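Taking it in order: structure first as structure tokens, then the write-up.
If you're wondering where the values come from, they're calculated on a predicted model, not measured in any experiment. Throughout, a chain's letter reflects where its sequence line sits, starting with A, and its residues are numbered from 1.
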2 protein chains.
Amino acid sequence: MDPVSASPPTSRGRSGRPPLTSRDDILRAARQVIERDGWEQLTVRRLAAELGVGAATLYHHVRDKDDLLIQLLDQQADEALRPDLPDDPRERIVVAATAIHDALAATPWAAEVLTVDGFLGRLGPSALALVEVIVAGAVACGSSESQAVDLFRNLWYFTVGEILVRARSRSGRATAADRDTFFPADLDAARFPHLAAIGDRWPELAAHDSFPEGLAAFVDGQLARIGPSHASRPSR
Amino acid sequence: MDPVSASPPTSRGRSGRPPLTSRDDILRAARQVIERDGWEQLTVRRLAAELGVGAATLYHHVRDKDDLLIQLLDQQADEALRPDLPDDPRERIVVAATAIHDALAATPWAAEVLTVDGFLGRLGPSALALVEVIVAGAVACGSSESQAVDLFRNLWYFTVGEILVRARSRSGRATAADRDTFFPADLDAARFPHLAAIGDRWPELAAHDSFPEGLAAFVDGQLARIGPSHASRPSR
DNA sequence: ACCTGAACACCGTTCAAGT
DNA sequence: ACCTGAACACCGTTCAAGT
């Protein structure tokens, strides 16, 4: 589709200086910087230095930094998002949503770009395929198109929230356990009996991965509202 | 608790120059800047200018910018987070979670600070009271402490995700409807039949507020996993 | 057509020095 | 004890000019 990105920078039919840099070079260099120095180091300036060009040059190949990150995430999605899908539509929804979540969870910098405007619309085929699976699964379970879109969006919010909160709280100290008291020390046990009872065990309880059970509960809860005609719900 | 913040900057027992600025002054000025110029304009430098002091001065009264924003959000929570709570524990969970969501949704800059590390632990009494309500509600419905914490965290992820995604996509064009085609124009109808069928209607369907139904479904889905002893579920 | 250096317009935070 | 100017160490993006 893009005539520039495929071939090396040989001269093309048109006039002008031949390109030193291509979209693919930029994405490759970006992955290298992230892998070597961590994603926090991926700035436009550093990336340009990595390629041996001026920072301004990059703006001839990508619209802006968000654009670069979305393309990068999409490239990784093409490689990672290929789950085996079961037959049961309810199961397909769960597996597809889990695949999306796990791909994002494995990409620490995903949080940076997850909420940019029009994110969904900028995705490539492998990511869209899983959106299709979820929407199709909901329809197969009896929901209308608008209910199916709502179901997808709710799962998306849940996934994004989990990724974002975890991404931010993972950084910092080694484990959540060796933190100073989680709730304020002067927590009024009369007003907050349960929180006081849990007390310092909160970080420990919160270290548990609640996503898989939460996802299943969310899918079942939403399908249950569609009507009794929804598909089989295995005993788990 | 904090001896400085309560009283105006009169001289205190100890030695040294009397303060020109207090934590309360800073929070008040921050609210003024946000209200007048929008929250994007709330920078450390502008806030200092508003107060007529140097930027460095603020660092004697707040730890850093995140600290300032959390205190600001907490102050608003004290004013907004006082819902009437019903008797039924399942209903209490829904009402409390809705109150948290609505307070955050009404604060456009909330997205900026929602995911900072230790956010929950830095909250004041009125916000903690709703956390307590949700955890207590889950326990009243038969869940263990760890299940109750999971339930709260899952609702929190859902809420945060909804707020963050909406916060970012609301900015920009007037409504989502007058956007150019949402999915890529060359979307393969054979591979993505449902997405292709929905097509340009996605933004319109996505404009619908799916949170309330989603929340109810999520709560019911999670309570259903706890066991048959869970509380009444009204017919709505 | 492609690339560049320099500039623009900022950030949050630190710190030695003043009062 | 409190406040300050100046500096530090950066950002992403634009643009006139070069090749």
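Applying the salt bridge (charged side-chain N to carboxylate O under 4.0 Å, His left out) definition to pairs two or more places apart or across chains, those involving residues 46-61 of chain B are B/R36-B/E50, B/D37-B/R46.
Not less than 6.0 angstrom separates the ring centroid of B/W156 from the ring centroid of A/F158. The aromatic ring centres of B/Y157 and A/Y157 sit 6.0 Å or more apart.
In this model, the phosphate group of C/dC3 is approached by a side-chain N or O of A/H61 to a distance below 4.0 Å at OP1 or OP2.
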Pairing pattern in dot-bracket form [Watson-Crick, G-U; both distances under 3.5 Å; | = partner strand] for DNA chain C = ||.|||||...|||||.||
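The pair A/E145-B/R201 meets the salt-bridge criterion, with a side-chain N (NZ, NE, NH1 or NH2) lying under 4.0 Å from an Asp/Glu carboxylate O. Between A/E213 and B/R153, no side-chain nitrogen of the basic residue sits less than 4.0 Å from a carboxylate oxygen of the acidic one, so the salt-bridge criterion is not met.
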request  = If a protein heavy atom is under 4.0 Å from the base, mark B; if only from the sugar-phosphate, S; if neither, -; do that for nucleotides 7-16 of chain C going 5' to 3'.
outcome  = B---BBBBB-
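Take A/R45 and apply the side-chain hydrogen bond (donor to acceptor under 3.5 Å, both in side chains) test, not counting sequence neighbours, and it matches no residue. Scanning for salt bridge (charged side-chain N to carboxylate O under 4.0 Å, His left out) contacts around A/E40 gives an empty result, with sequence neighbours left out. Annotation: salt bridge (charged side-chain N to carboxylate O under 4.0 Å, His left out) contacts of A/E35 (sequence neighbours excluded): none.
We find that CG of A/D25 is positioned 10 Å from P of C/dC3, with the value rounded to whole Å.
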